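Scope of the values below: all heavy atoms of this structure, side chains included, with no hydrogens, waters or symmetry mates. Since we're looking at a predicted model, the values are computed, not measured.
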Amino acid sequence: AAESGIGSSALGQYEVLGVIGQGSFGTVSKVKRKSDGRTLVCKAMNYGSMGEREKQLVVSEVNILREMRHPYIVRYYDRIVDKASTTINIIMEFCEGGDIGRIIRKCQREGTQLDEEFIWSCFAQ
């Protein structure tokens, strides 16, 4: 993955398909990479409104995701920093089924349980 830091012009590589979620520091959007049509996720965070501790957590998240290669860990593709708007955009794999937390909450709502084989496959990392 290219480490572009060239700002919002690099975001032109992606078409926003819709917002998936929103938090205190930013927005997660489903995007399509124009070069190959691949569906990805863009996690946009305004680091200008963050304290030093939060900024360090973002740097750590990017550094950890960049190094990880595992079928059960979301894949990192790129980060795009837009200094003018103090926004960092982390481009990641789109997980159709959501994260493990969503799967657990769904089971709780429906009164079902996760398959033991699935649980072991998650923990055997």
Side-chain angles (χ1 to χ4, degrees):
E3 289 292 325
S4 67
I6 56 174
S8 59
S9 61
L11 285 174
Q13 303 172 61
Y14 304 96
E15 174 189 343
V16 177
L17 302 175
V19 173
I20 296 173
Q22 211 147 1
S24 55
F25 288 113
T27 305
V28 179
S29 300
K30 187 174 175 180
V31 297
K32 181 167 68 170
R33 188 167 50 193
K34 292 178 181 176
S35 62
D36 62 3
R38 181 179 214 128
T39 301
L40 301 167
V41 166
C42 177
K43 183 176 181 179
M45 295 175 285
N46 184 340
Y47 63 83
S49 62
M50 293 180 185
E52 284 307 310
R53 185 175 184 287
E54 288 90 0
K55 288 179 188 175
Q56 279 303 318
L57 288 172
V58 170
V59 169
S60 295
E61 177 182 0
V62 170
N63 290 338
I64 290 167
L65 283 175
R66 189 171 45 205
E67 299 301 318
M68 301 302 286
R69 292 286 182 269
H70 192 279
Y72 293 111
I73 297 174
V74 67
R75 182 164 177 212
Y76 164 95
Y77 283 92
D78 196 5
R79 71 139 164 73
I80 303 165
V81 178
D82 185 352
K83 291 181 180 174
S85 67
T86 64
T87 302
I88 182 167
N89 300 277
I90 303 172
I91 308 297
M92 299 179 287
E93 173 183 25
F94 173 67
C95 300
E96 189 71 49
D99 63 15
I100 192 76
R102 179 179 284 171
I103 294 168
I104 292 169
R105 286 188 299 276
K106 181 176 184 266
C107 285
Q108 288 173 328
R109 272 194 320 273
E110 297 174 354
T112 59
Q113 296 181 341
L114 291 171
D115 181 63
E116 185 177 349
E117 191 176 315
F118 172 76
I119 294 169
W120 282 115
S121 70
C122 290
F123 284 110
Q125 298 181 33

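- Between the SG atom in C42 and the CD1 atom in I20 there is a gap of 10.0 Å [rounded to 0.5 Å].
- In summary, of the residues considered (D82, I80, V62), a side chain to side chain contact (heavy atoms under 4.5 Å, CB included) with I88 occurs for V62 alone.
- With sequence neighbours left out, T87 forms a side-chain hydrogen bond (donor to acceptor under 3.5 Å, both in side chains) with S85.
- With sequence neighbours excluded, no residue satisfies salt bridge (Lys or Arg N to Asp or Glu O under 4.0 Å) with R38.
- Residues M45 and V74 are members of one and the same hydrophobic cluster, defined by side-chain heavy-atom contacts under 4.5 angstrom among Ile, Leu, Val, Met, Phe, Trp and Tyr.
- Within the structure, every pair that satisfies the side chain to side chain donor-acceptor pair (under 3.5 Å) test and touches residues 45-57, not counting sequence neighbours, is listed here: N46-T86.
- Under the salt bridge (Lys or Arg N to Asp or Glu O under 4.0 Å) criterion, D36 pairs with R33, sequence neighbours left out.
- For K34 (side chain) and G12 (main-chain N/O), a donor-acceptor pair under 3.5 Å exists by modelled atom type.
- Looking at D78 and Y14, their side chains come closer than 4.5 Å, going by heavy atoms from C-beta outward.
- E110 is linked by a side-chain contact (heavy atoms from CB on, under 4.5 Å) to K106, T112, counting only residues two or more places apart in sequence or in another chain.
- In this structure, the salt bridge (Lys or Arg N to Asp or Glu O under 4.0 Å) partners of E15, at least two apart in sequence or on a different chain, are K32.
- Checked against side-chain contact (heavy atoms from CB on, under 4.5 Å), V59 has the following partners two or more places apart in sequence or in another chain: N63.
- Distance check: I91 CD1 to Q13 CD gives 8.0 Å after rounding to the nearest 0.5 Å.
- To the nearest 0.5 Å, atom CD of residue E61 and atom OH of residue Y76 are 10.5 Å apart.
- Residues that satisfy the side-chain hydrogen bond (donor to acceptor under 3.5 Å, both in side chains) test with E116, not counting sequence neighbours, are W120.
- Counting only residues at least two apart or in different chains, salt bridge (charged side-chain N to carboxylate O under 4.0 Å, His left out) contacts with residues 84-94 are absent.
- Legend: residues meeting side-chain contact (heavy atoms from CB on, under 4.5 Å) with S29, ordered by chain and number and at least two apart, are V16, V19, T27, V31.
- Taken together through direct or relayed side-chain contacts under 4.5 Å among Ile, Leu, Val, Met, Phe, Trp and Tyr, L11 and L40 form part of one hydrophobic cluster.
- By the side-chain contact (heavy atoms from CB on, under 4.5 Å) test, E67 pairs with no residue at all, sequence neighbours left out.
- I90 contributes atom CD1, which lies 7.0 Å from atom CG of L65 (distance to the nearest 0.5 angstrom).
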